[in-house]
Amino acid sequence: GAAHANLMAQRLADGIEMATPYVLAHPVEANAVFVRMPDEAHQRLNALGWACYRFDDGSVRFVCSWQTTEAAVDEVLEAIAGLN
């Protein structure tokens, strides 16, 4: 449940910090990851089929659930790393 979702969010956050040019807008506290990303990159990610939305502060929000797999996290990381 929640513990798995939080773990997947941490995996995503770690991958963003290590393998992409983007930075986290907030430390990861639960199952959501907030990423600072230019509009162009965000639009490309959505066009690739990853539905993620702008949060109030302008960062892009990714939410993990109990169903989120490590493979899915790695796939979205690969997509994010290939955006620029």
*Asks:* Is there a path of hydrophobic side-chain contacts, each under 4.5 Å between heavy atoms, that joins I16 and W50?
*Replies:*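 Yes; tracing contacts between hydrophobic side chains, which count when under 4.5 Å, links both residues.
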*Asks:* Would you compute the distance between atom CZ of R11 and atom CG of D14 and round it to the nearest 0.5 angstrom?
*Replies:*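 It comes to 9.5 Å.
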*Asks:* For D57 and R36, which heavy atoms make the closest approach, and how far apart are they?
*Replies:*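 Smallest heavy-atom distance, with atoms named: O-NH1, 3.8 Å.
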*Asks:* Enter the distance from I80:CD1 to H42:NE2 here, rounded to the nearest 0.5 Å.
*Replies:*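 Here the interatomic distance stands at 10.0 Å.
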*Asks:* Would you say the side chain of Y53 lies within less than 4.5 Å of the side chain of N46, judging by non-hydrogen atoms?
*Replies:*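 Result no, sub-4.5 Å side-chain heavy-atom pair not found.
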*Asks:* On a heavy-atom basis, which atom in L77 and which in T20 lie closest, and how many Å separate them?
*Replies:*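 Scanning both residues, the minimum pair turns out to be O-CG2, 4.3 Å.
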*Asks:* For the CZ atom on R61, are there more than 12 heavy atoms of other groups (residues, nucleotides or ligands in this structure) within a distance under 6.0 Å?
*Replies:*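 12 or below, so no.
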*Asks:* Are the side chains of M8 and W66 in contact, using a 4.5 Å heavy-atom criterion?
*Replies:*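 SC-SC contact between W66 and M8 ruled out.
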*Asks:* Tell me whether the count of non-hydrogen atoms from other residues, nucleotides or ligands lying under 6.0 Å of CD in E78 goes above 12.
*Replies:*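 Not more than 12 within 6.0 Å, no.
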*Asks:* Linking I/L/V/M/F/W/Y whenever any side-chain heavy atoms sit under 4.5 Å apart, do L48 and V73 land together?
*Replies:*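 L48 and V73: one cluster.
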*Asks:* List in chain and number order the residues that pass ring pair (Phe, Tyr, Trp, His ring centres under 6.0 Å) with H26, two or more places apart in sequence or in another chain; answer none if no residue qualifies.
*Replies:*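 So H26 forms a ring pair (Phe, Tyr, Trp, His ring centres under 6.0 Å) with F34.
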*Asks:* Say you draw a straight line from CG of L83 to CD of E40; how long is it, rounded to the nearest 0.5 Å?
*Replies:*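 Spacing of CG (L83) from CD (E40) equals 10.0 Å.
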*Asks:* Taking all non-hydrogen atoms of both residues into account, name the closest pair between F62 and C52 and its distance.
*Replies:*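 Taking every non-hydrogen atom into account, CE2-SG, 3.8 Å.
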*Asks:* Provide the closest heavy-atom pair for S65 versus H4 in the form atom of the first, atom of the second, distance.
*Replies:*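 Result for this residue pair: O-CD2, 3.7 Å.
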*Asks:* List the atom of A9, the atom of V33, and the distance in Å for their closest heavy-atom pair.
*Replies:*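 Heavy atoms only, the tightest pair is O-CG2, 3.3 Å.
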*Asks:* Between the side chains of Q10 and N6, does any donor sit under 3.5 Å from an acceptor?
*Replies:*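 There is no such pair between these side chains.
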*Asks:* Taking all atoms of both residues into account, what is the closest heavy-atom pair of L24 and V28, and its distance?
*Replies:*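 Scanning both residues, the minimum pair turns out to be CD1-CG2, 4.5 Å.
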*Asks:* Do V23 and V35 have side-chain heavy atoms sitting under 4.5 Å apart?
*Replies:*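 No, side chains not in contact.
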